[in-house]
Amino acid sequence: MSENGKATGIATAKKSVKTDKFQGHDYYNIDELLSDENKMARDAVRTWVKQEVSPIIEDYSNRAECPKHLFKGLADIGAFGPSLPVEYGGGGMDEIAYGIIMQELERGDSGIRSMASVQGSLVMYPIYRFASEAQKKKYLPKLGSGEFIGCFGLTEPDHGSNPSGMTTNIKEDGDCYILNGAKMWITNSPVADLAVVWAKDEEGKIRGMVVETGSKGFTTPEIHGKWSLRASITGELVFEDVRVPKENVFPEVRGLKGPLSCLSKARYGIAWGAIGAAMDCYDSALRYSLEREQFGKPIGGFQLTQKKLAEMITEITKAQLLAWRLGTLANEGKASPAQISMAKRNNVHMALEIARESRQIHGGMGITNEYPVMRHMMNLETVLTYEGTHDIHLLITGMDVTGLNAFK
Ligand code: TGC
Ligand code: FAD
C-alpha cells in the first residue's frame with residue numbers, strides 16, 4: 001500500500017526508468033502516527049529531491065563530484081538542523097521531522113543526506129550546545145542559511161573506532177592555542193569554511209573548537225578513489241602550528257562525551273536516513289518485477305521474487321517502527337545513546353541487505369546506473385562504517401545489556 005492508502009498502480013508505470021517515480025511505502029499506516037508538520041516536511045523534501053537530486057545524482061556520482069550547488073537548496077528546505085531552535089539557525093521542528101527529512105534526503109542519495117547530517121548535527125549542534133553566545137551568533141545563522149559550510153574532525157589516521165586515543169593536540173600560547181595534528185575521512189572538509197575539531201589539551205583532556213579553514217597552517221586535502229559516497233566530498237584536516245583564538249574553544253565541555261553527544265544526534269538521523277535508501281531500492285525492485293517478463297510472465301509472479309519483495313517490505317516496516325519509536329523517545333529527551341546505536345546498526349544493515357536483494361531482482365540491469373540500486377548499495381557500505389562501525393554498535397548494545405565492556 002502506498003503512503004496515501006491507495007493502490008500503487010505500479011503495474012501501469014511507464015517504461016522510462018530515468019524519471020523518478022518513487023512513492024513512499026507505508027505498510028503499517030505509520031503515517032497515522034505522524035503530525036501534519038512531519039508529513040508536510042516529508043512531502044516538501046521528497047518533492048525537492050525529485051526536482052533537484054534525482055535528475056543529476058547518477059551523473060555526479062559517476063564523476064565522483066559533489067553537487068556543491070545543493071548546499072543552498074538544502075538550507076532553503078530547512079535540512080540543516082531541523083530540530084535546532086529557529087533563533088540559532090535551525091528549523092524549530094521536532095525530532096521526528098528531523099528524522100523524516102533525513103529519510104527523504106537519503107532516498108535521493110546517502111551523500112546528500114551526509115551533507116545535511118554534518119552541517120546540522122555535527123557542526124551546528126555542537127556550536128549550539130557548547131560554544132559561547134558570541135560564537136553562536138557569529139556562526140549559526142550563516143551555517144543555517146548555507147552561507148558557511150562546516151565539517152567535523154574527530155577521526156584520525158590511527159584512531160577511528162577509538163577516538164579517545166587521538167594525538168591531535170593544543171598548547172596554550174598567550175591569547176591563542178597552537179593546534180597540531182591530522183584528521184582523516186572528513187566529510188566536506190575540502191569545501192568547508194570552518195571545522196569543529198576535537199583535540200587534547202595539555203592535561204590530555206579532549207576539547208572542542210571552531211577552526212576557520214583560511215587559518216595559516218591549516219590545509220584540507222581531498223581524498224580520492226572512493227567507490228562509495230562518490231557524490232560526497234571527503235578530505236583530511238592537517239594542522240601545522242595553527243593559531244586558534246581562545247574564544248573559539250568551547251568553554252565548558254571536556255572529554256569524549258562532547259563529540260559522542262554530537263554523534264548521537266547524527267546517528268539518530270542515519271537510523272531514519274537508511275530507511276530512505278531501502279525504500280528506494282524496494283520501490284525500484286517492485287516496479288521492475290512487475291515490468292520485466294521471463295518465461296512468459298512478470299518475474300514478480302515467481303515465488304522466489306515474491307519472497308525477496310515480501311521480506312524487504314517486512315524489514316522496512318520493522319525499521320520504520322523502530323525509528324518512529326526512537327523519535328518519540330527523542331522528542332521526550334529519553335532516547336539513550338545505546339538505543340540510538342541499536343537503530344543505526346539495524347537500519348543501515350537492513351538497507352544494505354535490501355540493496356543487495358534489489359540488485360538481484362534487477363538482474364544484469366541492476367549493476368547499471370539506469371537504476372539507483374548499485375549506487376545506494378555502494379553508499380551504504382560507508383554508512384555501515386561511519387558514525388561508528390556495525391560492530392562497534394553491536395558492542396555498545398552488548399555492553400548496555402551485560403554491563404561488561406568488550407571494546408578493550
Ligand atoms: P566511553 O568511556 O564509553 O565514553 C566516554 C564518555 O562519553 C560518554 N558517552 C556518550 N555521551 C553522549 N553520547 C554518546 N553516544 C556517548 N557514548 C559514550 C560516556 O558516558 C563517557 O562519559 P563520562 O562522563 O564518563 O566521561 O568511551 P570509550 O573511549 O570507551 O569509547 C567508546 C566507543 C568505542 C563506543 C566510542 O569511542 C565510539 O563510539 N567509537 C566510534 C567512533 C565514531 O563513531 N566515530 C565517528 C566519527 S564522525 C563520522 O563518522 C561522521 S560521518 C558524517 C557523515 O558524512 O554523515
Ligand atoms: P577502524 O577503527 O580501524 O576499524 C576497522 C575494523 O576493526 C572495523 O570493522 C571495526 O569494527 C573493527 N574494530 C575496531 N575496534 C574494534 C573492537 N574493539 N572490537 C571489534 N572490532 C573492532 N570521521 C569524522 O570524524 N568526520 C567525518 O566527517 C567523517 N566522514 C567520513 C566519511 C567517509 C566516506 C568515511 C568512510 C568515513 C568518515 N569518517 C568521518 C570516519 C569514520 O567515522 C571511521 O571510518 C569509522 O569510525 C571507523 O574508523 P576506521 O575507518 O579507522 O576503522
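Numbering of ligands and ligand atoms starts at 1, following listing order.
Under the 3.5 Å distance criterion, with hydrogens and angles disregarded, no donor-acceptor pair is assigned to the side chains of T167 and H159.
Protein heavy atom nearest atom 55 (O) of ligand 1, with residue, atom name and distance: S114 OG, 2.6 Å. Ranking protein heavy atoms by distance to atom 50 (O) of ligand 1, first place goes to E387 N, 2.9 Å. Scanning the protein for heavy atoms near atom 28 (O) of ligand 2, the closest one is T187 N, 2.9 Å. At the top of the distance list for atom 40 (N) of ligand 1, counting protein heavy atoms only, stands S161 O, 3.0 Å. Summary of contacts: the protein heavy atom closest to atom 21 (C) of ligand 1 is K257 CB, 4.6 Å. With respect to atom 31 (O) of ligand 1, the closest heavy atom belonging to the protein is L256 CD2, 4.0 Å. Looking only at heavy atoms of the protein, atom 15 (N) of ligand 1 is closest to S264 OG, 2.9 Å. When hydrogens are left out, the protein atom nearest atom 37 (O) of ligand 1 is P163 CD, 3.3 Å; that is the closest non-hydrogen contact. Closest to atom 42 (C) of ligand 1 among all protein heavy atoms lies G160 O, 3.7 Å.
At a heavy-atom cutoff of 4.0 Å, ligand 2 is contacted by the side chain of T382 but not by its backbone. Under 4.0 angstrom from ligand 1, there are no non-hydrogen atoms of I270. Only the side chain of I396 comes within 4.0 Å of ligand 1, judged by heavy-atom distances. Under 4.0 angstrom from ligand 1, there are no non-hydrogen atoms of W185. Counting heavy atoms closer than 4.0 Å to ligand 2, residue L395 contributes side-chain atoms (C-beta onward) but none from N, CA, C or O. Contact annotation for T389 and ligand 2: only side-chain heavy atoms (C-beta onward) come within less than 4.0 Å of the ligand. Heavy atoms of L263 found under 4.0 angstrom from ligand 1 belong exclusively to the side chain. Contact annotation: for H390 versus ligand 2, there are no heavy atoms closer than 4.0 Å.
Atom CG of L326 sits about 6.5 Å away from atom CD of Q339, to the nearest 0.5 Å. Between L395 atom CG and T389 atom OG1 the span is 7.5 Å, to the nearest 0.5 Å.
In terms of N/O distances under 3.5 Å, ligand 2 is not approached by H159. Between N162 and ligand 2, no pair of N/O atoms sits closer than 3.5 Å. An N or O contact shorter than 3.5 Å links T187 to ligand 1 by distance. Taking distance alone, with nitrogen or oxygen atoms compared against 3.5 Å, S117 stays at or beyond that limit from ligand 1. Any N or O atom pair closer than 3.5 Å counts here, and L260 shares at least one such pair with ligand 1. Between G388 and ligand 1, at least one pair of N/O atoms sits closer than 3.5 Å. For ligand 2, the polar-atom distance check finds no N/O of A406 at less than 3.5 Å from any of the ligand's N/O atoms. At under 3.5 Å, not a single nitrogen or oxygen of V118, backbone or side chain, sits near a nitrogen or oxygen of ligand 2. Taking distance alone, with nitrogen or oxygen atoms compared against 3.5 Å, G388 stays at or beyond that limit from ligand 2. At a 3.5 angstrom cut-off on N or O pairs, W185 counts as close to ligand 2. Below 3.5 Å of separation, one finds an N or O of T155 facing an N or O of ligand 2.
For I367, the CD1 atom sits in a loose shell: 12 or fewer heavy atoms of surrounding residues, nucleotides or ligands are nearer than 6.0 Å. Other residues, nucleotides and ligands contribute over 12 non-hydrogen atoms within 6.0 Å of the CD atom of E133.
Each of R113, R287, R107, K21 was evaluated against D280; a single residue qualifies, R107, per the salt bridge (charged side-chain N to carboxylate O under 4.0 Å, His left out) test. Results of the side-chain contact (heavy atoms from CB on, under 4.5 Å) test with L140 over E87, M124, Q135 single out M124 as the only residue that passes.
The distance from ligand 1 to the heavy atoms of P337 drops below 4.0 Å at these ligand atoms: 13 (N), 14 (C), 15 (N).
In this structure, L122 has a heavy atom closer than 4.0 Å to ligand 1. Using a 4.0 Å cutoff on heavy atoms, K408 counts as a contact of ligand 1. Ligand 1 has R113 within reach: a non-hydrogen atom of the residue lies less than 4.0 Å from it.
Classification of the F218-F239 ring pair by plane angle, with boundaries at 30° and 60°, yields tilted. Using cut-offs of 30° and 60° on the angle between ring planes, the pair F130 and Y125 is perpendicular.
For the pair E52 and I112, the minimum side-chain heavy-atom distance is 4.5 Å or more.
The pair K138-E212 counts as a salt bridge, with a side-chain nitrogen and a carboxylate oxygen less than 4.0 angstrom apart. Checked for salt-bridge contact, E104 and R46 meet the test: a charged N lies under 4.0 Å from a carboxylate O. Salt bridge absent: K39 and D43 never bring a charged side-chain N and a carboxylate O closer than 4.0 Å. For E381 and R356, the salt-bridge test passes: some basic side-chain N is under 4.0 Å from an acidic carboxylate O.
Distance check for atom 2 (O) of ligand 1: every protein heavy atom is found at 4.0 Å or beyond. Within the 4.0 angstrom cut-off, atom 19 (C) of ligand 1 has no protein heavy-atom neighbours.
Of all heavy-atom pairs spanning K226 and R230, the tightest one is O-NH1, 2.9 Å. Shortest non-hydrogen contact noted between I313 and H25 is CD1-CB, 4.0 Å.
Applying the salt bridge (charged side-chain N to carboxylate O under 4.0 Å, His left out) test to pairs two or more places apart or on separate chains, those with a residue in residues 249-274 are E95-K265.
Comparing S114, S161, G235, S110 against atom 13 (N) of ligand 2, the shortest heavy-atom distance belongs to S161.
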